[in-house]
Amino acid sequence: MNAFRAVAVAMLLLGMQGGGVPAVAAPANAVDKPVRIDIRNFAFAPATLTVPAGTRVVWTNRDDEPHLITSAGKQFDASRALDTGDTYAVTFAKPGTYAYYCSIHPMMVGTIIVQ
Amino acid sequence: MRDANDSTNERRRHFLGCMAWAGAGTLWLMKGGVLQAQPLGGADAASAADASFSFVQISDSHIGFHKEPNPDVAATLRASLNMINAQSTRPDFLLHTGDLTHLSRPEEFDTLGQLMSEARSGKVFYVPGEHDVIGDNGAEFFRRFGERQQAGGWYSFDHRGVHLVGLINVLNLQAGGLGSLGAEQLAWLKNDLAGRSADTPLVVFAHMPLWPLYPPWGWGTDDSAEAMSYLRRFGSVSVLNGHIHQIQQKVEGNITFYTARSTAYPQPAPGQAPAPGPLKEVPPGSLHRYLGIRDVRHVQGRQALAVTEEVLS
């Protein structure tokens, strides 16, 4: 899905530039590009994210309150406390559904669906 | 979708509506087994004279927080402690109802411990907030500030005929849930209270509200109703919490619930902002104006009807 989008954007840019290059090589591995989740107003955005296997997901805390990323089923390592602007990254190698939450504000929940 | 200006104006309007937000602490007077609150710094000698004893509650000092509206939370905690020290009647002890630190860092605990040692009071009793248990399930907090009565960290003690209970509701939180006491702690509480006369005044304290104050923001405790079922038979029960950085009160039969202000920064009233978190728009230099607020409460115990009176000025 992301590979499609990357190619489409690249083609659009080339078209706008009016370049005559017939084709541009897609990135060797589209999932190298990390996918971002913002933490804002005590919520994960997007709350549900679907990505291909191998995607690196990066959370960024945009709140003034610290938050943590904790797997609901201990499927991946928990983050340390993320202060404002701090990030945490996890690469999801295996397909599956990964529920997570903030262990100090547990009403904050999110899901990563890895295909 | 609102734009940023709308949001800012809304927050400003909201702030103007709740100016008296920062709390030095609350002086609690025990009178005839009924707890009364006095403003710290405003309690007159006459009202303290007929109290059997007093203690002070402070909360949410968030040492390590360094942003708007309070880049110096150590200074505002120190100001609170100075007000406690200036009381004509020395409180028997202090309660700190959690969020001592912002990020559970050792240097934050160090600063908190050093500041609290400046309080002229016999002893400080602590319960952890969720900010105090990050990364280690509270191991460092309990090592420094725990009472070491029970493995889980909860405890109780008697003071001049009053039974006080410190509960932990910030550990083992479940995805999608609120604060949690857990089966083991509830069993201990039930047993701790079982043999006591219903005449015994109870003071129960924990960080997160022990009633469903505003669950959409996580302001409540999943299994608090079970705990309340053990407390209901007692004639005078006061439940003291922190966490939400503002005063909220509720009376339910003989149980009075109370949340304290923070010594660090205010949070919005329930539902009055997109999310909880620091209220930023406090005019520069005006933090101290909001210390030493008036908060008077009187609750008639052992009556079917409890009367709560609150004056803010």
Side-chain angles (χ1 to χ4, degrees), chain A residues 36-51 57-90 92 96-114, chain B residues 2 7 11 60 62 64-71 98-99 101-105 108 128-138 169-180 207-208 212 214-222 243 245 264-265 267-268 273-280:
Chain A
R36 298 194 170 273
I37 296 175
D38 270 359
I39 309 171
R40 200 186 295 277
N41 287 333
F42 285 66
F44 300 107
T48 301
L49 178 70
T50 303
V51 295
V57 175
V58 180
W59 288 265
T60 305
N61 183 15
R62 308 290 184 190
D63 273 350
D64 286 327
E65 188 83 358
H67 297 296
L68 284 89
I69 309 298
T70 308
S71 167
K74 296 198 167 98
Q75 294 168 291
F76 58 88
D77 287 342
S79 74
R80 70 191 193 295
L82 304 179
D83 209 346
T84 309
D86 284 354
T87 62
Y88 181 63
V90 174
F92 292 89
T97 298
Y98 298 81
Y100 65 93
Y101 66 112
C102 170
S103 56
I104 60 173
H105 306 113
M107 74 288 188
M108 296 169 58
V109 295
T111 306
I112 313 275
I113 298 168
V114 180
Chain B
R2 290 177 313 197
S7 176
R11 286 204 303 269
D60 295 85
H62 283 263
F65 181 84
H66 52 78
K67 302 192 185 78
E68 293 302 323
N70 188 356
D99 282 356
T101 69
H102 201 55
L103 296 171
S104 307
R105 288 177 177 157
E108 296 173 348
E130 76 282 3
H131 285 250
D132 301 318
V133 299
I134 296 171
D136 67 351
N137 288 323
N169 60 355
V170 298
L171 287 171
N172 304 312
L173 305 184
Q174 300 303 305
L178 307 172
S180 174
H207 178 66
M208 291 185 175
Y214 196 63
W217 283 1
W219 291 357
T221 299
D222 279 329
H243 188 56
H245 300 209
Y265 58 86
Q267 292 201 86
L279 264 181
K280 291 181 188 175

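Since the structure is predicted, the reported quantities are computational estimates derived from the model, not experimental observations. The figures that follow rest on heavy atoms only: side chains count, while hydrogens, waters and symmetry mates do not. Sequence lines set the chain letters: A, B, ... in the order given, protein chains first and strands last, and positions in each chain run from 1.
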Visitor: Just jot down the side chain to side chain donor-acceptor pair (under 3.5 Å) partners of Thr84(A), sequence neighbours excluded, or say none.
Guide: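 If we apply the side chain to side chain donor-acceptor pair (under 3.5 Å) test to Thr84(A), skipping adjacent residues, the hits are Lys67(B).
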
Visitor: Just how far is it from atom NE2 of His62(B) to atom CG of Leu103(B), taken to the nearest 0.5 Å?
Guide: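 Interatomic distance, His62(B) NE2 to Leu103(B) CG, rounded to 0.5 Å: 10.0 Å.
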
Visitor: Which atoms of His243(B) come close to chain A, meaning under 4.5 Å heavy atom to heavy atom: side chain ones, backbone ones, both, or neither?
Guide: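 Contact with chain A involves no heavy atom of His243(B) at all.
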
Visitor: Which distance, rounded to the nearest 0.5 Å, do you find between the CZ of Phe76(A) and the OH of Tyr100(A)?
Guide: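 Between Phe76(A) CZ and Tyr100(A) OH, I get 7.5 Å after rounding to 0.5 Å.
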
Visitor: Taking atom OG of Ser104(B) and atom CD1 of Ile104(A), what is their separation to the nearest 0.5 Å?
Guide: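 These two atoms lie 8.0 Å from each other.
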
Visitor: Report the option among Ala275(B), Ala175(B), Gly129(B) that has the most heavy-atom pairs separated by less than 4.5 Å from atoms of chain A.
Guide: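 Ranked by contacts with chain A, first place is Ala175(B).
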
Visitor: Hey, which of Gly177(B), Gly218(B), Gly277(B) has the most heavy atom pairs under 4.5 Å with chain A?
Guide: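 Counting heavy-atom pairs under 4.5 Å, the top option is Gly177(B).
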
Visitor: Taking all heavy atoms of Trp219(B) and all of Pro276(B), pick out the closest pair and write down the distance.
Guide: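 Smallest heavy-atom distance, with atoms named: CZ2-CB, 3.8 Å.
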
Visitor: Side chain from CB out, backbone as N, CA, C, O: work out which of these in Leu173(B) comes under 4.5 Å of a heavy atom of chain A, or both, or neither.
Guide: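 The answer is both parts of Leu173(B).
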
Visitor: Please name all residues satisfying side chain to side chain donor-acceptor pair (under 3.5 Å) with Glu108(B), sequence neighbours left out, ordered by chain then number.
Guide: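 Residues passing side chain to side chain donor-acceptor pair (under 3.5 Å) with Glu108(B): none at all.
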
Visitor: Which atom names give the shortest non-hydrogen contact between Ser103(A) and Pro106(A), and what distance separates them?
Guide: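 Looks like O-CD, 4.5 Å.
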
Visitor: From Asp99(B) CG over to His207(B) NE2, what is the distance, rounded to the nearest 0.5 angstrom?
Guide: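 Asp99(B) atom CG to His207(B) atom NE2 measures 3.5 Å (nearest 0.5 Å).
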
Visitor: Report, by ascending residue number, the residues of residues 63-73 of chain A in heavy-atom contact with chain B at a distance under 4.5 Å; give 'none' if the set is empty.
Guide: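 Within residues 63-73 of chain A, near chain B: Asp64(A), Glu65(A), Pro66(A), Leu68(A), Ala72(A).
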
Visitor: Under 3.5 Å, is there a donor-acceptor pair between the side chain of Asn169(B) and the main chain of Gly179(B)?
Guide: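 No: the side chain of Asn169(B) does not pair with the backbone of Gly179(B).
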
Visitor: Parallel, tilted or perpendicular: which describes the rings of His245(B) and Tyr265(B), with under 30° parallel and over 60° perpendicular?
Guide: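 Ring orientation, 0 to 90° scale: tilted.
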
Visitor: Heavy-atom distance under 4.5 Å to chain A: side chain of Pro216(B), backbone, both or neither?
Guide: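 Contact with chain A: backbone only.
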
Visitor: Applying a criterion of heavy atom separation less than 4.5 Å, what residues of residues 38-49 of chain A form contacts with chain B?
Guide: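 So far as heavy atoms go, Asn41(A), Phe42(A) are the residues that approach chain B to under 4.5 Å.
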
Visitor: Could you tell me the separation between the CH2 atom of Trp59(A) and the CG atom of Asp86(A), rounded to the nearest 0.5 Å?
Guide: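 It is 14.5 Å, given to the nearest 0.5 Å.
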
Visitor: Roughly how far apart are Thr101(B) OG1 and Asp132(B) CG, rounded to 0.5 Å?
Guide: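 Here the interatomic distance stands at 4.0 Å.
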
